[in-house]
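What follows is a set of notes on a single structure, which appears directly below.
Nothing here was measured: the structure is a model prediction, and the numbers come from that model. When reading the values below, keep in mind they use all heavy atoms of this one structure, side chains included, and skip hydrogens, waters and symmetry mates.
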Number of protein chains: 2
Amino acid sequence: MVTLAQVARHAGVSPSTVSYVISGKRSISQDTRLRVERSIAELGYHPHAGARALASNRSNVIALMIPLRTDMFVPVMMEIAIAITTTARRYAHDVLLLTSEEGPSAVKRIAASGLADAMILMDVELEDERIPLLRQTGAAAVLVGLPADPAGLTCIDLDFEATGRLAADHLADLGHREVALVGAAESVYRRHTGFAERTLAGFRQQAEARGLSFLHRPCGVGHEAATGTLSRILAERPGTTALVVQNESAVPHLLNHLRQSGRAVPEDISVVAICPDDVALHSTPQLTSVSIPAQEMGRRAVELVMAQASGRQHTTGLTLLSPVLTPRESTGPAPRPL
Amino acid sequence: MVTLAQVARHAGVSPSTVSYVISGKRSISQDTRLRVERSIAELGYHPHAGARALASNRSNVIALMIPLRTDMFVPVMMEIAIAITTTARRYAHDVLLLTSEEGPSAVKRIAASGLADAMILMDVELEDERIPLLRQTGAAAVLVGLPADPAGLTCIDLDFEATGRLAADHLADLGHREVALVGAAESVYRRHTGFAERTLAGFRQQAEARGLSFLHRPCGVGHEAATGTLSRILAERPGTTALVVQNESAVPHLLNHLRQSGRAVPEDISVVAICPDDVALHSTPQLTSVSIPAQEMGRRAVELVMAQASGRQHTTGLTLLSPVLTPRESTGPAPRPL
DNA sequence: GTGAAAGCGCTAACAT
DNA sequence: ATGTTAGCGCTTTCAC
């Protein structure tokens with residue numbers, strides 16, 4: 001193993017000089033810097049992470065806690081996780097993956113062991129058990145999602161209330177009067193993961209403001225669940241002319257069920273999806289959608305947590321990304337009543 | 001921060017005793033052990049990861065390299081990653097997440113920095129750039145997937161050749177004579193990720209042995225791609241009575257297209273999917289499938305890499321999990337020719 | 001602009 | 001069965 005001392009000897013300088021060349025924490029003459037850098041390259045030196053963490057009290061690692069659950073749309077989580085990881089590298093950090101299996105105590109373990117010096121928590125619940133521990137350890141942390149009481153915490157999420165309002169407005173503008181919201185799995189609502197409830201609240205608010213009547217139904221995973229939910233909606237409210245879908249995995253089933261039951265999209269029924277762009281683009285017809293900006297959420301989460309960890313500021317507060325609705329082929333004017 | 005020395009003082013023993021209580025590397029009297037354990041709990045002590053790594057030359061971290069690509073079925077990757085993470089915890093290890101963005105040099109960086117003492121590589125290509133570096137650093141490593149030349153490497157994967165043969169046999173047993181394989185995205189074949197080609201090879205071999213004629217077509221993502229691929233297959237070979245599908249994201253579209261074109265499954269056409277069980281179970285009809293044992297692959301990958309890292313054995317070799325085909329509702333006897 | 005040296009918290013000989 | 005102690009490789013004063 002190549003050590004800093006070896007690099008120093010090779011370059012004919014002292015160990016501290018090598019250290020300072022690497023960290024840039026004091027000015028070095030052009031000449032020395034070059035010699036040291038050449039030695040580093042030549043010997044293939046990489047600083048020992050443990051030694052560095054021990055001496056500097058910073059691990060250069062961000063812990064990422066992801067849920068074990070499978071009732072969320074997995075590709076979105078994965079995209080966020082990947083965006084976090086690649087962004088972290090830009091800050092010379094690595095990402096440690098933790099699952100919720102270990103429970104809230106993982107927060108304590110990570111903080112106390114100095115394994116990571118910042119944490120990003122995904123799948124935050126309204127009353128998340130990890131939050132008290134977070135407050136008590138005072139670790140730099142960012143939540144992806146909103147808890148009930150975000151005071152003193154740094155959170156980032158899509159503004160789902162605005163998302164619900166946006167969808168309602170879009171449909172109201174098109175003249176729809178009777179609409180339905182096909183939501184996430186029931187377990188998601190039961191668990192009080194904020195996003196589903198916030199979307200519903202925003203949608204309800206604006207639906208009422210715009211005089212829309214609407215129905216909300218959760219929807220489980222799989223073909224049966226999706227078609228069953230849709231049939232029941234259409235049976236109960238035959239006058240429904242538009243659907244808002246906040247359930248990526250149900251999208252193909254829903255579209256197919258509409259096709260099969262002889263309803264044309266958007267002529268007979270309009271569809272707005274809340275989903276990543278690629279899902280919307282790969283559907284037929286391409287879906288009018290409010291996109292889930294997974295990449296941006298991951299990137300911003302890292303930026304927020306790095307700002308905190310570097311002590312530059314305690315950006316304690318909410319970052320709510322504004323939803324963007326992209327009209328595509330799946331929404332159109334409400335059909336004239338028969 | 002609570003240190004080992006503080007625990008020692010609190011328990012009235014020497015630091016090394018505390019260390020040995022924790023590691024179990026030498027026998028401790030019942031009495032001392034209890035006192036030390038109580039002190040640890042009382043003070044909320046967690047060993048400093050960096051210090052431990054520095055002193056012991058072991059980080060207790062497994063690096064997991066995942067692909068950035070999105071043409072693989074994401075939920076399977078995620079399930080493997082989660083299984084790896086939870087299994088790693090059973091070995092008192094954590095998982096460091098690396099993406100392929102950093103390139104092959106990540107292997108060098110991790111090995112040289114001592115950040116991880118073992119690596120698991122996913123999405124292995126036949127001529128994977130990371131392999132030479134792996135051989136040269138001599139790091140403990142397990143590949144999920146098979147490269148062209150696995151000599152000296154430890155690999156684990158589903159036995160996709162046997163999977164192909166199994167599917168062919170199942171259909172031949174049911175009397176089918178003309179079958180088609182709906183494969184992964186074309187990019188997957190171009191990149192020479194082994195699994196798709198191996199499935200095809202196994203399927204071809206057994207199809208020939210059993211006298212099946214067959215067609216193979218890659219299939220991209222999305223509704224258009226899936227239905228287009230299927231229409232073309234049926235146009236080209238109207239006598240096709242069975243489909244093997246190695247493309248999870250195409251499954252719902254395929255089933256719907258069959259339904260819509262008036263073909264009953266399995267009366268008119270049988271379908272065998274190569275997919276995780278939950279995809280098979282959530283389809284209608286439930287699919288006869290060869291399951292992708294994501295959990296087991298993750299778990300076994302950790303076991304293999306731990307065995308290696310602990311030096312107990314260099315299990316250099318392939319672990320090919322035997323495929324299991326579960327007959328469900330989507331396959332039946334070949335229809336009598338008209 | 002550069003060097004010397006004191007730790008960081010732990011492990012693992014080497015003691016007894 | 002337990003204690004003493006010398007590092008592990010790095011960062012960071014302190015000194016010039």
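For the atom pair CD1 (B/I66) and CE (A/M78), the distance works out to 4.0 Å, reported to the nearest 0.5 Å. The structure places CE of A/M65 at 8.5 Å from CG of A/D128, a figure rounded to the nearest 0.5 Å. Within the model, atoms CZ of B/R52 and CG of B/N60 stand 6.5 Å from one another, a figure rounded to the nearest 0.5 Å. The line from CE of A/M306 to OG1 of A/T87 is 11.0 Å long, rounded to the nearest 0.5 Å.
Following rounding to the nearest Å, B/Q6 (CD) and C/dG9 (P) show an atom-to-atom distance of 8 Å. In this entry the distance linking NE2 of B/H48 with C1' of C/dT11 reads 15 Å, nearest Å. Here C/dG9 presents its C1' atom at 15 Å from CG of B/L43, a figure rounded to the nearest Å. In this structure, B/L4 atom CG and C/dT11 atom P are separated by 6 Å, rounded to whole Å. Atom CD1 of B/I40 is separated from atom P of C/dC10 by 10 Å (rounded to the nearest Å). When the C1' atom of C/dT2 is taken as reference, atom CD1 of A/I22 falls 16 Å away, rounded to whole Å. Regarding A/L34, its CG atom lies at a distance of 15 Å from the P atom of C/dG1, rounded to whole Å.
The neighbour count for B/E129 CD, taken as heavy atoms of other residues, nucleotides or ligands under 6.0 Å away, does not exceed 12. Under a cut-off of 6.0 angstrom, the local environment of CZ in B/R38 is sparse, with at most 12 non-hydrogen atoms contributed by other residues, nucleotides or ligands.
Residues A/P15 and B/K25 each lie close to DNA chain C; by heavy-atom proximity, the contact nearer the 5' end of the strand is made by A/P15. Where A/Y20 and B/H46 each meet DNA chain C at their nearest nucleotide, the meeting point lying more 5' is that of A/Y20. Nearest-nucleotide positions on DNA chain D for B/A51 and B/S16 put B/S16 closer to the 5' end. Nearest-nucleotide positions on DNA chain D place B/S14 closer to the 5' end than the other of B/S14 and A/S23.
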Show your working on side-chain contact (heavy atoms from CB on, under 4.5 Å) between A/V61 and A/H93 and close with a plain yes or no. CA-CA 5 Å; A/V61 167; A/H93 277 244; 5.6 Å; no
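Contact annotation for A/S29: backbone-only contact, meaning every heavy-atom pair under 4.0 Å involves sugar-phosphate atoms and none involves a base. Using a 4.0 Å heavy-atom criterion, one finds that B/S56 contacts the sugar-phosphate atoms exclusively. Using a 4.0 Å heavy-atom criterion, one finds that B/T3 contacts the sugar-phosphate atoms exclusively. At the heavy-atom level, B/T32 lies under 4.0 Å from the strands shown only through sugar-phosphate atoms.
The footprint of chain A on DNA chain D, defined by a heavy-atom cutoff below 4.0 Å, extends from D/dG9 to D/dC14.
In this structure, a donor-acceptor pair under 3.5 Å is absent between the side chains of B/S56 and B/R58.
Distances shorter than 4.0 Å separate some side-chain N or O of B/Y45 from OP1 or OP2 on C/dC10.
For a distance-only test at 3.5 Å, the side chain of A/R26 qualifies as a donor-acceptor partner of the base of C/dT2. Evaluation of atom-type donor-acceptor distances gives no pair under 3.5 Å for the side chain of A/T17 against the base of C/dG3.
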